[in-house]
Protein chains: 2
Amino acid sequence: MARRNDHTREEIQGMAIDATRTLIATEGLEGVSARKVAQQIGYTVGTLYQNFENIHELILHANAFSLTQLLAALEQAYHQESKPMQRIIRIANTYLDFGQMHEKQWAAIFRHTLPQGFVMPDWYQARIDALFSLIERAVWELAPGRDKKQIQLASRTLWSSVHGICILNIGNKLYSDNIATPQTLMQSLVTHYLNAWVREGSKA
Amino acid sequence: MARRNDHTREEIQGMAIDATRTLIATEGLEGVSARKVAQQIGYTVGTLYQNFENIHELILHANAFSLTQLLAALEQAYHQESKPMQRIIRIANTYLDFGQMHEKQWAAIFRHTLPQGFVMPDWYQARIDALFSLIERAVWELAPGRDKKQIQLASRTLWSSVHGICILNIGNKLYSDNIATPQTLMQSLVTHYLNAWVREGSKA
DNA sequence: TTGAATGGTAAACATTGTTCAATTATGCTT
DNA sequence: AAGCATAATTGAACAATGTTTACCATTCAA
């Protein structure tokens, strides 16, 4: 294996992903370009394209990193001792906080779209699955008696909604801030939805 | 006013917006380019840039058109005779259906982002406001006794959530379709959230 | 009819993603 | 140690993007 600098293939890839993450964090997704990344790591575009199929794969790796950070934050919120309902609220607020604190990275995750014919890699989908699985666990603890399908339905409904609040929160500030904070909306969503959902279950 | 062809400024703008809408509908937001639009309407890019500040303004106009269509569909759903709760469910499903039926246009609306320093024009924001106002009306009918702040809070919470379900529905199909349809999620969200919210109000 | 103003064009510029032939450095073999 | 094969790296090239602008053409008013 011949190499001119003291960087292995893996090192170059790591450096490129780091540079991409920095670019996203400072200039946003639109600020990322192959040449900028290459220049940042001291190589040329050509080298970049030998380590990544295309620019989307690179962005995908950077986003996967953010997803891992997010997941870690959610796991931490999960593992604090408290009642099931409070736990879910805490996780939801962590989700919200992450979006607010890392706005550019967050936007990059859900705003980036694969071009036609590009399939989402398994290692990326796995992170998303892990996220949903965490929610399902938390919801299950709230109502251990419900069957799996119901848990799944409620989890996905709830988390799509939580996600919706996060989205409308960043960028387009749809709420005049003096009226209601996104935390208030989040609280309203989770308590109302889950209270009714739990009650429905105890009826049957 | 000198003109080479028989098109007024307004006509050219209308043609350009139409062409942009077609491009979005067929190729998606990424398929839109100034040259494609110009060629479609039989003019050059230069002419396009005399009628629009930049490509984003053009896209904004196309998206505003979609928003108007969406609003019309929601208004129609609103004006059908039924109980308040059923009305809201119907509106939410109309929202969902619109996203499914006009996937590309829908994605173009919420995926398009203004570049730095670009402020959203009033005529665009007005359409979004109209949308939220419609929901507020529908929620008010469900609980006419609640004060305005509470109505606003519930409306925004609910609609952010509805929006979240729509988003996760298109593109990234996060639900294995054999488990639950998005309509099921929508039904679950609206009924549970609003039932608990109404009950909370009658307690006070 | 002539001149001024407007409509429209085409070419140019910078920047994007992506490819690829040429070059250079490395490791292995003899 | 020399040479060779292989891999790494470059830099130029291509097409397509948004955007600007100098120039040409047409029309209306005088």
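Every chain is numbered from 1 and lettered A, B, ... according to where its sequence line falls, protein lines coming before strand lines.
The side chain of K36(A) lies closest to dT16(C), out of dT19(D), dT17(D), dT16(C). The side chain of Q50(B) lies closest to dG8(C) when the candidates are dT18(C), dT10(D), dG8(C). When distances run from any side-chain atom of N54(B) to the nucleotides dT18(C), dT9(D), dT19(D), the shortest one goes to dT19(D). For V45(A), taking side-chain heavy atoms from C-beta onward, the closest of the listed nucleotides dT19(D), dA12(D), dT9(D) is dA12(D).
Separating the OH atom of Y49(B) from the P atom of dT9(C) is a distance of 15 Å, rounded to the nearest angstrom. The nearest whole Å value for the distance from the NE2 atom in H56(A) to the P atom in dT16(C) is 14 Å. With rounding to whole Å, E57(B) atom CD is found 14 Å from dT19(D) atom C1'. The distance between atom CD1 of I12(A) and atom C1' of dA7(D), rounded to the nearest whole Å, is 12 Å. The separation between R35(B) atom CZ and dT16(C) atom P is 16 Å, rounded to whole Å. One atom, CG of N51(B), and another, C1' of dT19(D), lie 15 Å apart when rounded to the nearest Å. Computed from coordinates, the H7(A) NE2 to dT26(C) P distance equals 13 Å when rounded to whole Å. Regarding Y43(A), its OH atom lies at a distance of 13 Å from the P atom of dG11(D), rounded to whole Å.
Judged purely by distance below 3.5 Å, without hydrogens or angles, the side chains of Y95(A) and H163(A) pair a donor atom with an acceptor atom. Side-chain atoms of N93(A) and Q183(A) form no donor-acceptor pair, as typed in the model, at a separation below 3.5 Å.
Residues R146(A) and E200(A) are paired through a salt bridge, judged by an N-O separation under 4.0 Å between the basic side chain and the carboxylate.
In this structure, H61(A) NE2 and S66(A) OG are separated by 13.0 Å, a value rounded to the nearest 0.5 Å.
Side chain of R87(A) to main chain of Y78(A): a donor-acceptor pair is present (N/O by atom type, distance under 3.5 Å, no hydrogens or angles).
Between the side chain of R9(B) and the base of dT6(C), no donor-acceptor pair of N or O atoms lies under 3.5 Å.
The phosphate of dA8(D) (OP1 or OP2) has no side-chain N or O of T47(A) nearer than 4.0 angstrom. Proximity of T44(B) to the phosphate of dG8(C): no side-chain N or O atom is located under 4.0 Å from OP1 or OP2.
When each of S33(A) and G46(A) is assigned the nucleotide of DNA chain C with its nearest heavy atom, S33(A) is the one assigned upstream, toward the 5' end.
Among the protein residues, V32(A) comes within range of the sugar-phosphate backbone only, with heavy atoms under 4.0 Å from sugar or phosphate atoms but none that close to a base.
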